[in-house]
Enquirer: 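Pasting in a structure now, in structure tokens, and then I'll have a few things to ask.
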Amino acid sequence: MILLDKIMDTVQRLIRLAGTNDPFRIAACLNIPVLYEDLGNIYGYYNMVLRMKQIHINQALSEFEQTFTCSHELGHAVLHPKANTPFLRNNSLLSVDKLEKEANIFALDLRIGNDILLEHCHYTTSQLANMLGYPEELIKLRVNEWMKFI
């Protein structure tokens, strides 16, 4: 597994590069096209064709879901550039697969900054999940990883 501090450093480097934590703008800065498609029950996936990275997102998702999916697939593009990842489905958000867990950590670190966790440190994971709109299991993953560094 990629070391957590490497993931966090990579996220911070990309935020500085793009001047934002918006995964769509970061992908654009990295020249990674984001393609919207009808993917049925699949949220999205990352692949590389002829050395060109691509992020595919289900056009039927809500804006919030598209943003998280783009963040997750951007994690694959940056952390696992040569691995064509399996399709991200709703049930794989909580996957224990090594690559999927790393992409989730990347996405969560990108979307939920340490400042948010510090500001709401008195919240339970359930309260954070309700406030931020993410499944509680993902919030637990983000909080647990963050706690290793404070």
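Keep in mind the model is a prediction, meaning the values are calculated, not measured.
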Enquirer: Name the orientation class of the two ring planes belonging to Y134 and F64 (parallel below 30°, tilted from 30 to 60°, perpendicular beyond 60°).
Expert: tilted
Enquirer: Taking the side chain as every heavy atom from C-beta outward, state whether L110 and M8 have any atom pair closer than 4.5 Å.
Expert: no
Enquirer: Ignoring hydrogens, what is the shortest heavy-atom contact between F106 and S71? Give both atom names and the distance.
Expert: CD2-O, 3.5 Å
Enquirer: Indicate the atoms forming the closest heavy-atom contact of A129 with P135, along with that distance.
Expert: CB-C, 4.2 Å
Enquirer: So, the side chain of K53 versus the backbone of M48: is there a donor-acceptor pair under 3.5 Å, distance only?
Expert: no
Enquirer: Which atom names give the shortest non-hydrogen contact between I116 and M131, and what distance separates them?
Expert: CG2-CE, 4.4 Å
Enquirer: When rounded to the nearest 0.5 angstrom, what distance separates OG1 in T10 from CD1 in I105?
Expert: 12.5 Å
Enquirer: Let me confirm one number: the CD1-CG distance from I7 to D109, rounded to the nearest 0.5 Å.
Expert: 8.5 Å
Enquirer: In Å and rounded to the nearest 0.5 Å, what is the OH to CG distance from Y43 to L61?
Expert: 6.5 Å
Enquirer: Quick one: list whatever passes ring pair (Phe, Tyr, Trp, His ring centres under 6.0 Å) with F24, sequence neighbours left out.
Expert: none
Enquirer: I want to check something: taking the side chain as every heavy atom from C-beta on, are R111 and P23 in contact at a cut-off of under 4.5 Å?
Expert: yes
Enquirer: Within the side chain of E73, is there an N or O that forms a donor-acceptor pair under 3.5 Å with the backbone of Y46?
Expert: yes
Enquirer: Could you measure the distance from the CE atom of M52 to the CG atom of N31? Nearest 0.5 Å is fine.
Expert: 9.5 Å
Enquirer: Could you tell me if the side chain of Q54 sits less than 4.5 Å from the side chain of L35, heavy atoms only?
Expert: yes
Enquirer: Should the ring pair H80 and H76 be called parallel, tilted or perpendicular, given that the plane angle runs from 0 to 90° and is split at 30 and 60?
Expert: tilted
Enquirer: Out of curiosity, T67 OG1 to I57 CD1, how far, rounded to the nearest 0.5 Å?
Expert: 8.0 Å
Enquirer: Side chain to side chain donor-acceptor pair (under 3.5 Å) with T125: which residues, sequence neighbours excluded?
Expert: E136
Enquirer: Contact between L74 and I32 at the side-chain level, heavy atoms closer than 4.5 Å - yes or no?
Expert: yes
Enquirer: Less than 4.5 Å apart, side chain to side chain, heavy atoms only: is that true for I139 and L132?
Expert: yes
Enquirer: Which distance, rounded to the nearest 0.5 Å, do you find between the CG of L30 and the CD1 of I55?
Expert: 8.5 Å
Enquirer: Carefully, step by step, assess T69 and Q66 under the rule side chain to side chain donor-acceptor pair (under 3.5 Å).
Expert: CA-CA 5 Å; T69 300; Q66 286 182 356; over 6 Å; no
Enquirer: So, N58 side chain and I42 main chain: donor-acceptor pair closer than 3.5 Å or not?
Expert: yes
